[in-house]
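Since the structure comes first, as structure tokens, the remarks are kept for the end.
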Amino acid sequence: MKKFDFKKYVEFKVYSVTTIKKGYGFRVLLKFADGSDTTQQHAGFCSKREANAQRDEIIGQLHAGTYIVYGKIKVADFMEFWLEEIMRPRIADNSYNGYKNVVYNYVNPQLGKMYMATLNQGYIRKLYNSIAEKYESIARLAKTVMNTALDYAKSKNVIAVNPAEGVPLPKKIKKKPYRELKIDVSKTLTLPQVFQLVEASKATPIHMQILFAVLMGLRRGEINGLKYSDVDYINRTLKIQRQLGKKPNSKAEDVPPKMLTKQEIKPKTPSSIREIPIPDYVFEAILEQRRIYEKNRRRRSKEFRDWDYICCSTYGNPRSKSYHQKYYKELLASLGLPDIHFHQLRNTYTTILLKHDFNIKGISHMLGHSKEIISADVYGDTAEIIEDCLYAIEPFMEEVLPESREEKYYDYSDPGKIDEVAGGFILYTFIVIFAIMCEKGRKRPEVFRGALSVKVILCYLVLKKAFCDFCLSGFVMVSYKAIILTFSLRMNFLRVADIEHIKSHKGEILLWINSF
């Protein structure tokens, strides 16, 4: 591989036109910041007038910074140098492998023998078309590679302009919005399914991975890179500042055995370094896991690797990126849950927050995105989240609930606070249960006498516990109306006919509320 020492010129001098080899030409002296210089010759002009015109153009390019200093570099040599020397130390191993595939299997075979200075939009368009005939995804990546590589070439005066700029992919390739996270809600879990998965995972070695993914929205590499030192036990926050993966240019002989893909590397992007609140449920699980960690450290004092990882083996070794796969798939199959990828637990977390009125900017920060790039049809699977009669009861609840309480948000990170406010919130849901449990035709609150009152009280307690469990599961600052609707409907109390019955007695229900 050829290596290049690109330098930026800081001074220049353009000599007058003179005769050079039976023609006319001129020379350009370039001085670099390190004190070195080089002289380039422009010759072969038939007349002095033609040479002077070119000289004036070169002077303009020198002032504009678009003068080509390194005009004799072939595409193959430049692309290999850019990939191996410039990009490989900066990008993750998976990204490098994708770039490598594009450069060595597509760009160099087609354009490699050309000089960089001769590239134009026609050649770039032809490259995209040839790749798109076989693979759309690789064509998209090729566009990224060429734009990035040629931008670098332009900054180093290898080319005057970036010929890849503005060249579109073939029309048959659908354009994707720039940096937009598109979530397919049909490939996420509903709340009851999440609770089911979390509960069942307690009997597996991946319980903590499940919690971090579905209740905090972390990536796989971030989960495996978490350490107990990242936990702020006072403020109950977690700092994400590393992930586990393969360092660029690393080899198996450079690291301890079985640690090639378990090296500590920087998170995916600068915005991925973040500090987020820990749900109480997860916080308690971390404390329990720490007790297990200390127990294993004492039992295996000689063999134990005290590296502080939360997700580790009984010997302290960090987990690999694919460790969870076997247990996760078995969990889904045994519970009869949709066969979704582990990463889609992160999408599940996002979708649930969106459905419960979380601010998109806040969600983006929690996920480690630099911008509000989330786009999801969050109501595409409404029937799977809440019962079909939601459309009928929600307008009714808008009228019944006091305006002062409507659309407020509360921080339920404190279990004591949850218990304090749960009663108040559930009270307004209670009217719905009251009306449904009334025998048809009986319109008075006297129905709360006798055995029926016991049933009503039990329903109230069940809802209150559901409310508390919901908050402790990590969904802090949620809309109380969303919780009420979700749990009351999920408990199968409501039917459309019941709602119509409630509406017909709205006046009595409002009077009953006011009596409290």
Side-chain angles (χ1 to χ4, degrees), residues 187-228 230-231 236 238 240 242-245 258-259 261-262 276 278-300 303-353 367 384 466 469-475:
K187 296 179 181 177
T188 60
L189 301 180
T190 63
L191 265 177
Q193 290 172 334
V194 167
F195 296 145
Q196 214 180 341
L197 179 65
V198 167
E199 188 63 29
S201 69
K202 291 179 180 177
T204 72
I206 63 167
H207 180 56
M208 294 306 300
Q209 283 97 322
I210 294 289
L211 295 185
F212 286 131
V214 79
L215 296 186
M216 295 185 71
L218 303 189
R219 303 177 178 98
R220 286 180 299 171
E222 293 172 345
I223 292 171
N224 292 335
L226 290 176
K227 295 186 176 184
Y228 291 105
D230 298 326
V231 180
R236 296 196 175 193
L238 181 67
I240 291 86
R242 77 185 69 78
Q243 63 176 332
L244 296 191
K258 298 182 179 181
M259 290 294 291
T261 59
K262 302 178 187 178
I276 57 178
I278 305 174
D280 288 353
Y281 187 91
V282 181
F283 186 77
E284 293 300 325
I286 291 174
L287 295 180
E288 178 60 30
Q289 195 63 31
R290 179 73 196 201
R291 285 190 281 270
I292 296 172
Y293 182 92
E294 293 299 329
K295 181 180 177 181
N296 288 330
R297 188 162 67 91
R298 289 192 298 270
R299 284 174 53 202
R300 300 184 168 98
E303 306 93 343
F304 193 83
R305 288 177 168 176
D306 191 10
W307 289 342
D308 206 34
Y309 290 110
I310 296 176
C311 298
C312 64
S313 69
T314 55
Y315 288 90
N317 293 314
R319 298 301 191 188
S320 65
K321 196 173 183 179
S322 59
Y323 173 79
H324 66 278
Q325 190 69 10
K326 174 187 173 183
Y327 301 100
Y328 174 64
K329 290 297 183 182
E330 287 176 354
L331 271 175
L332 295 182
S334 64
L335 297 172
L337 298 178
D339 187 17
I340 61 174
H341 297 304
F342 188 83
H343 186 77
Q344 285 164 334
L345 294 181
R346 175 174 158 90
N347 292 346
T348 295
Y349 169 80
T350 305
T351 304
I352 290 173
L353 295 186
L367 294 174
E384 296 179 27
D469 290 346
F470 185 94
C471 298
L472 287 170
S473 297
F475 303 102

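These figures come from a predicted structure and were not determined experimentally.
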Evaluate the ring planes of Tyr327 and Tyr323, with Trp represented by its six-membered ring, and classify them as parallel (under 30°), tilted (30 to 60°) or perpendicular (over 60°).
tilted
Could you tell me which non-hydrogen atom of [X] sits nearest to which non-hydrogen atom of [Y], and how far apart they are?
X: Val231; Y: Phe283; value: CG1-CE1, 4.3 Å
X: Gly225; Y: Asp230; value: O-OD2, 4.0 Å
X: Ile340; Y: Gln344; value: CB-OE1, 3.0 Å
X: Lys227; Y: Trp307; value: CE-O, 3.5 Å

Residue set satisfying salt bridge (Lys or Arg N to Asp or Glu O under 4.0 Å) with Glu288, at least two apart, ordered chain then number -> Arg291
Sorted by chain and residue number, the salt bridge (Lys or Arg N to Asp or Glu O under 4.0 Å) partners of Lys262 (sequence neighbours excluded) come out as none
Quiz question: by atom type and distance under 3.5 Å, do the side chains of Gln325 and Ser322 form a donor-acceptor pair?
no
Can a side-chain donor-acceptor contact be found between Tyr293 and Asp306 if the only test is distance below 3.5 angstrom?
yes
Evaluate the side-chain proximity of Lys187 to Pro338: yes if any heavy-atom separation is below 4.5 Å, no if none is.
no
Test item: Ile223 and Met208 side chains (from C-beta on) under 4.5 Å apart, heavy atoms
no
Please collect all side-chain hydrogen bond (donor to acceptor under 3.5 Å, both in side chains) contacts where either partner lies in residues 204-215, sequence neighbours excluded, each pair once.
Ser201-His207
Applying salt bridge (charged side-chain N to carboxylate O under 4.0 Å, His left out) as the test, list every pair that has at least one member in residues 331-345; sequence neighbours left out.
Lys329-Asp339
Before you tell me yes or no, could you show the steps for Leu238 and Val282 under side chain to side chain contact (heavy atoms under 4.5 Å, CB included), namely the whole-Å CA-CA distance, both residues' side-chain angles and the distance that decides it to 0.1 Å?
CA-CA 11 Å; Leu238 181 67; Val282 181; over 6 Å; no
Which residues share a side chain to side chain donor-acceptor pair (under 3.5 Å) with Asp308, sequence neighbours left out:
Ser229, Arg290
What is the distance from atom [atom1] of [X] to atom [atom2] of [Y], rounded to the nearest 0.5 Å?
X: Arg220; Y: Phe342; atom1: CZ; atom2: CZ; result: 8.0 Å
X: Gln196; Y: Ser334; atom1: CD; atom2: OG; result: 9.0 Å
X: Leu335; Y: Glu199; atom1: CG; atom2: CD; result: 10.5 Å
X: Arg305; Y: Asn317; atom1: CZ; atom2: CG; result: 4.5 Å
X: Thr351; Y: Leu191; atom1: OG1; atom2: CG; result: 10.5 Å
X: Ile240; Y: Met216; atom1: CD1; atom2: CE; result: 6.0 Å

Sidechain-backbone polar pair: [X] side chain, [Y] backbone, donor-acceptor under 3.5 Å:
X: Arg319; Y: Cys311; result: no
X: Asn224; Y: Ser320; result: yes
X: Thr348; Y: Leu189; result: yes

Show your reasoning for whether side chain to side chain contact (heavy atoms under 4.5 Å, CB included) applies to Val214 and Leu197.
CA-CA 10 Å; Val214 79; Leu197 179 65; 5.5 Å; no
Val194 vs Leu345, test: side chain to side chain contact (heavy atoms under 4.5 Å, CB included). Steps then yes/no.
CA-CA 9 Å; Val194 167; Leu345 294 181; over 6 Å; no
Arg300 to Tyr315 six-membered ring, cation-pi geometry met (6.0 Å, 45°)
yes
Can you sort out the partners of Arg299 under side-chain contact (heavy atoms from CB on, under 4.5 Å), two or more places apart, ordered by chain and number?
Lys295, Asn296
Answer with yes or no after comparing the ring centroid distance for Tyr349 and Phe212 against a 6.0 Å cut-off, counting only values under it.
no
Quick one: do Leu226 and Leu218 satisfy side chain to side chain contact (heavy atoms under 4.5 Å, CB included)? Show the steps, please.
CA-CA 10 Å; Leu226 290 176; Leu218 303 189; 3.7 Å; yes
